[in-house]
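Shown next, in structure tokens, is the structure this report addresses.
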Amino acid sequence: MKVISHELLNSLTPIRSLSQNLNELVQQESLSAEDLEDIKQSVATMHNRSNHLQEFVESYRKLAMLPSPKKEKTELSELVESCLQIMQPLFKKDSIAVVNQLNFKRWITVDRNQMEQVLINLLTNSMYALEGKDRREISISAELKEKRLYIMISDTGAGIEPEIEDKIFLPFFTTRKEGAGIGLTLSKNIIEAHGGYLAFENGENGTKFTVCLLE
């Protein structure tokens, strides 16, 4: 509620102030060139803030109205390859090498669309972690252990700062200027709705996210 209140006030306060100013301007019998410029800037600012507010509400709705998984049999390696194909133009644009180490086929029972969303979110997260790095590499692998399936996505990025490790799954928390801050939260919620969990670990040469699903 604190985050929601903060975001609402960040947009509503300037919109209210600007609308009051506009109301005073239009009460005048004539408008100067300076007044017209003020009106243009005020309308543009109100438009931008209302767009931001709409995007925020849409993001909140995605979290609050996450549907229950509609599970179906899906082949794991084909699912992973499909996600990599979707992301390939972005990887190519940023000169990121992707290593697919998944070397076995396995049928899993998941909501395919939701799992695609999780993998794309994690790959996108890794992609942004590689900004400014000389070595840009993402690897994806999987293993079966004690009736559990582990899907690992690792990158050679900067890693997660220790002071924010306990915040990365919080809704709307982001370190990116244009990030909505729901990717990891949504991914965590999806995996937990499947009866699994999403975890991460920092290493010397990057970060690894692990999706665990029960077989």
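A quick note: this is a predicted structure, and the numbers were derived from the prediction, not measured.
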Closest contact, heavy atoms only, Ile15 versus Ser50: CD1-N, 4.0 Å
Separation between CE of Met127 and CG of Leu90, rounded to the nearest 0.5 Å: 5.0 Å
Polar side-chain atom of Glu75 near backbone of Arg106 as donor-acceptor pair, under 3.5 Å: yes
Single-linkage hydrophobic cluster, 4.5 Å side-chain cutoff, Val211 and Leu149 together: yes
Student check: side-chain heavy atoms of Leu53 and Leu12 closer than 4.5 Å: yes
Residue pair Val118, Ile151: steps toward the side chain to side chain contact (heavy atoms under 4.5 Å, CB included) verdict: CA-CA 11 Å; Val118 169; Ile151 305 169; over 6 Å; no
Candidates Ile140, Leu102, Thr210 - the one meeting side chain to side chain contact (heavy atoms under 4.5 Å, CB included) with Met152: Thr210
Shortest non-hydrogen contact from Arg136 toward Lys133: NE-O, 3.0 Å
Stepwise side-chain hydrogen bond (donor to acceptor under 3.5 Å, both in side chains) check, Ser32 with Asp35: CA-CA 5 Å; Ser32 66; Asp35 290 336; 3.2 Å; yes
Non-hydrogen atoms of Leu130 and Arg135 that approach each other most closely: CD2-O, 4.1 Å
Nearest heavy-atom neighbours spanning Ser77 and Phe104: CB-O, 3.9 Å
Hphob cluster co-occupancy, Leu66 + Leu184, side-chain heavy atoms under 4.5 angstrom: yes
Plane angle bin for Phe200 and Phe209 - parallel if under 30°, tilted between 30 and 60°, otherwise perpendicular: tilted
Spatial distance of atom CD1 (Ile138) from atom OG1 (Thr207) [nearest 0.5 Å]: 11.0 Å
Any side-chain heavy-atom pair of His194 and Lys71 under 4.5 Å: yes
Working for side chain to side chain contact (heavy atoms under 4.5 Å, CB included), residues Asn23 and Gln20: CA-CA 5 Å; Asn23 187 49; Gln20 287 176 333; 5.6 Å; no
Shared hydrophobic cluster for Val43 and Leu18 (ILVMFWY, side-chain gaps under 4.5 Å): yes
Donor-acceptor pair, side chain of Ser82 and main chain of Glu78, under 3.5 angstrom: no
Leu25 to Leu31 - nearest heavy-atom pair and separation: O-CD2, 3.3 Å
Between CD1 on residue Ile190 and OG1 on residue Thr185, distance to nearest 0.5 Å: 11.0 Å
Glu24 side, atom CD; Asp38 side, atom CG - distance, nearest 0.5 Å: 11.5 Å
Pair Thr124, Asn121: side-chain N/O donor-acceptor within cut-off below 3.5 Å: no
Side-chain heavy atoms of Leu214 within contact of Lys147, under 4.5 Å: no
Exercise: identify the closest heavy-atom pair between Leu22 and Ser42: CD2-CB, 3.9 Å
More than 12 heavy atoms of other groups within 6.0 Å of Glu34 CD: no
Positive for side chain to side chain contact (heavy atoms under 4.5 Å, CB included) with Met87, one of Leu119, Leu123, Ile96, Val98: Leu123
Shared hydrophobic cluster for Ile108 and Tyr197 (ILVMFWY, side-chain gaps under 4.5 Å): no
Note, Gln114 side chain near Pro67 side chain (heavy atom, < 4.5 Å): yes
Rounded distance (nearest 0.5 Å) linking atom CD of Gln101 with atom CD of Glu143: 11.0 Å
Working for side chain to side chain contact (heavy atoms under 4.5 Å, CB included), residues Leu198 and Leu122: CA-CA 10 Å; Leu198 175 63; Leu122 294 178; 4.1 Å; yes
Spacing of CG belonging to Asn125 relative to CD1 belonging to Ile120, to within rounding of 0.5 Å: 13.5 Å
